[in-house]
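Notes for the one structure printed next.
What you see is a predicted model, and the numbers here were worked out from it, not measured in a lab. We count ligands from 1, going down the list as the structure has it; atoms in each ligand are counted the same way. Residue numbers count from 1 along this sequence.
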Amino acid sequence: MAAYPHLFLPLKVGSHFLKNRIVMAPVETGLEKQDYFDPRVVEFYEERARGDGPGLFILGNGVVHETGLRNLKDPVLTAGLLNNAVRLTSVIHESGSKVLLQLQHHGAGADHMFAVSASRFRNRDTGRTLHRAPGLLVSHLISQYSLFAYHAILHGEFDGVEIYGGRLSLPNVFSSRLFNRRHDKWGLQARTLFAVELVRRIRSFVGPAPIISYRLSLLDLHAGGSEWHDLLAFAQALHYEGVNLFSFDIGFTPNSVPVNSDLTPAGVWVPFMEKFSREIKVPVIFGHRMPGPDRLDDILQNNITSLVEIGRPLIADARWVEHVHTGKPVRPCTLCPHGCTRPDRREGREMLACIADPYVLRRSHKHPGGLDILVVGGGPAGMAAAREGALRGHKITLVDEGPELGGLYRLCAKIQGRSSIAELLKVQERELVELGVEIIRNTRATAQWIEDNYSGSRILLATGKESCMPDIPGIDTPNVLSLEDLLQGRVPVGHRVAVIGSGNVAVDVTRHLCTHDLKAHDEWCCAWGIGDPAEHIGGTLGVIPHLNPAPRKVYLINETNETTEELFAHERRLYEVQWLRMHGVNIFDEANVEQIDSHSVRVSCEGEEGSTILRVDHIVVVGDREANAELQNELTELGIPFEAAGSMKFKAPFGTAGEAALDGIYVLQALEKRSL
Ligand SMILES: Cc1cc2nc3c(=O)[nH]c(=O)nc-3n(C[C@H](O)[C@H](O)[C@H](O)COP(=O)(O)O)c2cc1C
Ligand code: SF4
């Protein structure tokens, strides 16, 4: 019997047959800014659609009006733009899949001077005060939605549209009692009128056949958010007006609860969604941090949902559906906080980039190949350069001093919640072998070794960075550990630990040191104050009951002049800091470490008198790193030309693995050009 039979059953939605139960979630690529249907976007979807692809695609972020742009540099849909959509919709249709265009108005999430909301209010995340949308504009916006739905279906050949109604979007704020304080017809007496009218108008424009999906805010995750009965009545009204598919978003803002992060157990939202689908007899799409294919198949078999939506896993592995269907290993998404979900890239300033597939959206140009290239260092940059070189037909040798590839990135797999990194490296290493890359392990390349064995080869160095200790009195004390010491488990770490460092890596390490099993669903929901799905759906935040104590007492000493909260507010990952506090971590911000002794650290903080002595068993320093430049210097001395790639070139102590990998690819291409 085929693997996962329920995932691959067809389904009828409205008048359309979907070939399987898998939906590719809307993911804006960042290229929309230049051309919504850029050839690279077409290629991105073609790669995912061909053969065994998802039965349904939803294309993200089709903004219907200037007031609804997230920022003013992004494009607004136009009729002309939608005529060009046929390039994209036809490649999806050729593979037998269907495609919807998501119609968006970012509403109170928009960050520019023309942004509007249901009522005037200040968005604390963006600091922006939103104008109240005048009645005439509200009617105009409804016309714009309907017009673009019509164009998308008639000229762009989409099979339907999805109205985005999540996370502070205009339909979301209009339907919310927190944000809609209007006294006109769109106001308090009929908060849902905006969305209902929108659906009614679109259905009347496009006729009965196309799919109209509505992305509901299932849980607002905010005190005063929609209650369960509000949501049901709203969904029923939308269905009555012509919605024939529902999908979900969760939370007003990504700041307070880790909706999709690795802190969120896979499948945690399913019980909330199940409660919804038991009441509403319309096909529903469940997404967000979904579990693996085994559980997905069970969820479908038990009629908990009609369709499952996959986002990041389909970015990480374009052939995710085929690999699941044929039982081949999937290239996993590692849920990295610094990849595709980075706020700067989500705001359209950068193209989609992914550590699992660093070259996503940047497809290789054809190249005759033929070079002999030695890549030194098997971290993300070296592996990506080797893969790219082999794909372009070069003979690649990759040498690494360790028994396994991955460098510091492999060590990160030991951090709580990051174990999928090891899985990813395994898949990537197998890909290198399949591409014919010769891998030499346990060999520290010296300039002499290179001259003796690879004198005719082009050399690409990706030797990364290593820890270096800051200049603090007592730093030589034996109980001071580097990141490598900690993650390689060189020393059993005691019960009281101070972490010196700031930013993501320091927070990750701190979290790792107070690892706590958050897998149990109830405990998780309780921890974040979300409430019991059986009771109600509107969550109340801020009530955070005491959790089991963390296995050790951890102090985080942040030596920068920004507080940890400020650093993470920019990242929109305040929940990470909240998580640390929930686990009893004491954070010292704007701190200065004055002295380290064998069992204590003396810390003083900006603006505070005196210093604090922390009794600790170990001190972990994650602050400074410097390029591993020994080989670089030797090669320079011998006059052997080379190109350096990856984190060894980065100014910041830590780059992201994705940035390093991308740099590896760019340097490989530069080296190739110079060799022509
Ligand atoms: C790069 C990126 C872009 C996204 N763009 C959109 C979008 O335009 N519209 C939308 O409704 N959701 C968007 N999302 C959210 C996804 O549709 C999906 O809900 C989320 O990634 C969680 O699903 P996953 O755990 O399967 O990735 C985006 C997510 C990512 C990672
Ligand atoms: S960038 Fe990271 S989170 Fe995004 S798809 Fe790739 S591996 Fe997953």
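A donor-acceptor contact closer than 3.5 angstrom is absent between the side chains of Asp52 and His323. Checked by atom type, the side-chain pair Asn172/Tyr164 shows no donor-acceptor distance below 3.5 Å.
Annotation: Tyr4 is not in aromatic contact with His325 [ring centroid separation under 6.0 Å not met].
Between the Arg87 side chain and the Val42 main chain, no donor and acceptor come within less than 3.5 Å of each other.
Here the protein heavy atom with the shortest distance to atom 7 (S) of ligand 2 is Thr334 N, 3.4 Å. In terms of protein heavy atoms, atom 3 (S) of ligand 2 is closest to Cys336 N, 3.4 Å. For atom 4 (Fe) of ligand 2, the closest heavy atom belonging to the protein is Cys340 SG, 2.3 Å. Scanning all protein heavy atoms for the shortest distance to atom 5 (S) of ligand 2 gives Arg312 O, 3.5 Å.
On a distance-only criterion, Ile315 and ligand 1 share no N/O pair closer than 3.5 Å. Backbone and side-chain nitrogen or oxygen atoms of Gln102 are examined, and one is located within less than 3.5 angstrom of a nitrogen or oxygen of ligand 1. Residue contacts with ligand 1: Glu28 is placed with a nitrogen or oxygen under 3.5 Å of a nitrogen or oxygen of the ligand (distance criterion only). For Asn260, no nitrogen or oxygen atom sits less than 3.5 Å from a nitrogen or oxygen atom of ligand 1, counting backbone and side chain alike. Below 3.5 Å of separation, one finds an N or O of Arg312 facing an N or O of ligand 1. Looking at ligand 1, you'll find an N or O of Pro26 within less than 3.5 Å of one of its N or O atoms.
Note that the NZ atom of Lys426 and the CZ atom of Arg430 stand 7.0 Å from one another [nearest 0.5 Å]. Interatomic distance, Gln428 CD to Ile355 CD1, rounded to the nearest 0.5 Å: 6.0 Å. Atom OG1 of Thr334 sits about 9.0 Å away from atom CG of Asp262, to the nearest 0.5 Å.
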Run Thr67 and His105 through side-chain hydrogen bond (donor to acceptor under 3.5 Å, both in side chains) and show every step you take. CA-CA 8 Å; Thr67 53; His105 186 295; 2.9 Å; yes

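For ligand 1, the atoms lying closer than 4.0 Å to a non-hydrogen atom of Tyr164 are 11 (O). Annotation for ligand 1: atoms under 4.0 Å from non-hydrogen atoms of Gly60 are 8 (O). Every atom of ligand 2 is numbered from 1 in the order shown, and the set under 4.0 Å from a heavy atom of Leu335 is 3 (S), 8 (Fe). Less than 4.0 angstrom separates some heavy atom of Cys354 from each of these atoms of ligand 2: 1 (S), 5 (S), 6 (Fe), 7 (S). If you number the atoms of ligand 1 from 1 as listed, the ones under 4.0 Å from a heavy atom of Gly311 come out as 24 (P), 26 (O), 27 (O). Atoms of ligand 1 found under 4.0 Å from any heavy atom of Arg289, numbered from 1 in the order shown, are 24 (P), 25 (O). Counting the atoms of ligand 1 from 1 in the order shown, those under 4.0 Å from a heavy atom of Ala25 are 17 (O).
Under 2.8 Å from atom 8 (Fe) of ligand 2 lies an N/O/S atom of Cys333, whether from backbone or side chain.
Applying the side-chain hydrogen bond (donor to acceptor under 3.5 Å, both in side chains) test between Ser247 and each of His288, Gln102, Glu162 identifies Glu162 as the sole match. When each of Ile285, Leu307, Leu238 is paired with Phe246, the side-chain contact (heavy atoms from CB on, under 4.5 Å) condition holds for Leu238 and for no other.
Remark: Arg40 fails to qualify as a cation-pi partner of Phe44 under the 6.0 Å distance and 45° angle criteria applied to the six-membered ring.
Taking the six-membered ring where the residue is Trp, Phe276 and Phe248 present perpendicular rings, their angle passing 60° and hence far from 30°.
Of the heavy atoms in Thr29, none comes closer than 4.0 Å to ligand 1.
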